[in-house]
Amino acid sequence: QVLLVESGGGLVQAGGSLRLSCAASGRTARPYPMGWFRQAPGKERAFVAAISGSGENTYYSDSVKSRFTISRDNAKNTVYLQMNSLKPEDTAVYYCAAKETTYSRVYYALARDYDYWGQGTQVTVSS
């Protein structure tokens with residue numbers, strides 16, 4: 001079992017920045033591929049960014065590409081999402097997820113591929 005805990009959400013003005021963290025604990029013998037998703041009120045959960053277990057491969061949704069950066073520190077079992085140039089449409093609950101696999105260079109963009117989820121952290125961007 002893997003426990004994921006997100007932090008770093010909050011209220012920020014449009015154009016501002018936030019950095020989300022996702023700390024993993026439990027069965028973390030190997031670094032798993034991780035992803036960030038978000039869910040706005042009345043909308044389905046949407047993919048934001050993903051990173052391979054090794055950290056060398058990343059992938060972003062078109063809506064956040066060039067504004068958000070996903071990274072990881074495997075020594076700390078933590079994945080980050082640096083969010084810059086935030087827009088009101090980025091307002092959502094942000095979730096991190098982990099995929100239990102032995103493949104270290106693969107990332108996943110579909111929610112159904114992930115095995116573990118955090119509880120989410122609220123990000124609100126005011127105009």
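Note that the numbering runs from 1 along the sequence shown for the chain.
Residue Trp117 is not grouped with residue Trp36 when hydrophobic side chains (ILVMFWY) are merged at heavy-atom distances under 4.5 angstrom, including chains of intermediate members. In terms of hydrophobic clustering, with Ile, Leu, Val, Met, Phe, Trp and Tyr side chains grouped at heavy-atom distances under 4.5 Å, Met34 and Tyr107 are assigned to different clusters. Follow the hydrophobic side-chain contacts under 4.5 Å out from Val79 and you never reach Val93; the two are in separate clusters. Under a hydrophobic-cluster definition in which Ile, Leu, Val, Met, Phe, Trp and Tyr are linked whenever side-chain heavy atoms come within less than 4.5 Å, directly or via other members, Val106 and Tyr114 are assigned to the same cluster. Hydrophobic clustering (ILVMFWY, side-chain heavy atoms < 4.5 Å, transitive): Val125 and Leu20 are in one cluster.
For the pair Lys99 and Tyr108, the cation-pi criterion (under 6.0 Å, within 45° of the ring axis) is fulfilled.
Scanning all heavy atoms of the two residues, the minimum distance from Tyr103 to Pro33 falls at O-CG, 3.8 Å. Here the closest non-hydrogen pair linking Val2 and Tyr32 is CG2-CE1, 3.8 Å.
Taking the side chain as every heavy atom from C-beta outward, Met83 and Tyr94 approach each other to under 4.5 Å. Annotation: side chain of Tyr95 is in contact with side chain of Gln39 (closest heavy-atom distance under 4.5 Å). Asp90 places a side-chain heavy atom less than 4.5 Å from the side chain of Arg38. You'll find the side chain of Tyr80 reaches within 4.5 Å of the side chain of Asp73, heavy atoms only.
Within a 6.0 Å sphere centred on OH of Tyr59, other residues, nucleotides and ligands contribute 12 heavy atoms or fewer.
Under the salt bridge (charged side-chain N to carboxylate O under 4.0 Å, His left out) criterion, Glu100 pairs with Arg27, sequence neighbours left out.
For Thr78 (side chain) and Lys76 (main-chain N/O), a donor-acceptor pair under 3.5 Å exists by modelled atom type.
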Using a 3.5 Å cut-off and no angle test, enumerate the donor-acceptor pairs between side-chain atoms of residues 42-55 and protein atoms at least two apart in sequence or in another chain.
{"residue": "Ser52", "atom": "OG", "partner": "Ser54", "partner atom": "OG", "Å": "3.3"}
{"residue": "Ser52", "atom": "OG", "partner": "Gly55", "partner atom": "N", "Å": "3.3"}
{"residue": "Ser52", "atom": "OG", "partner": "Glu56", "partner atom": "N", "Å": "3.4"}
{"residue": "Ser52", "atom": "OG", "partner": "Asn57", "partner atom": "N", "Å": "3.1"}
{"residue": "Ser52", "atom": "OG", "partner": "Asn57", "partner atom": "O", "Å": "3.4"}
{"residue": "Ser54", "atom": "OG", "partner": "Glu56", "partner atom": "N", "Å": "3.4"}
{"residue": "Ser54", "atom": "OG", "partner": "Glu56", "partner atom": "OE2", "Å": "3.0"}
{"residue": "Ser54", "atom": "OG", "partner": "Ser104", "partner atom": "O", "Å": "3.2"}

Donor-acceptor pairs are to be reported for all side-chain atoms of residues 4-19 against protein atoms at under 3.5 Å, with residues two or more places apart or in another chain.
{"residue": "Glu6", "atom": "OE1", "partner": "Gln119", "partner atom": "N", "Å": "3.0"}
{"residue": "Glu6", "atom": "OE1", "partner": "Gln119", "partner atom": "NE2", "Å": "3.4"}
{"residue": "Glu6", "atom": "OE1", "partner": "Gly120", "partner atom": "N", "Å": "2.9"}
{"residue": "Glu6", "atom": "OE2", "partner": "Cys96", "partner atom": "N", "Å": "2.8"}
{"residue": "Glu6", "atom": "OE2", "partner": "Gly120", "partner atom": "N", "Å": "3.3"}
{"residue": "Ser17", "atom": "OG", "partner": "Asn84", "partner atom": "OD1", "Å": "2.9"}

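Checking Gln122 against Thr124 by side-chain atom types alone, a donor-acceptor pair falls below 3.5 Å.
For the atom pair Leu81 CG and Arg72 CZ, the distance stands at 13.5 Å (nearest 0.5 Å).
For Asp62 and Lys65, the salt-bridge test passes: some basic side-chain N is under 4.0 Å from an acidic carboxylate O.
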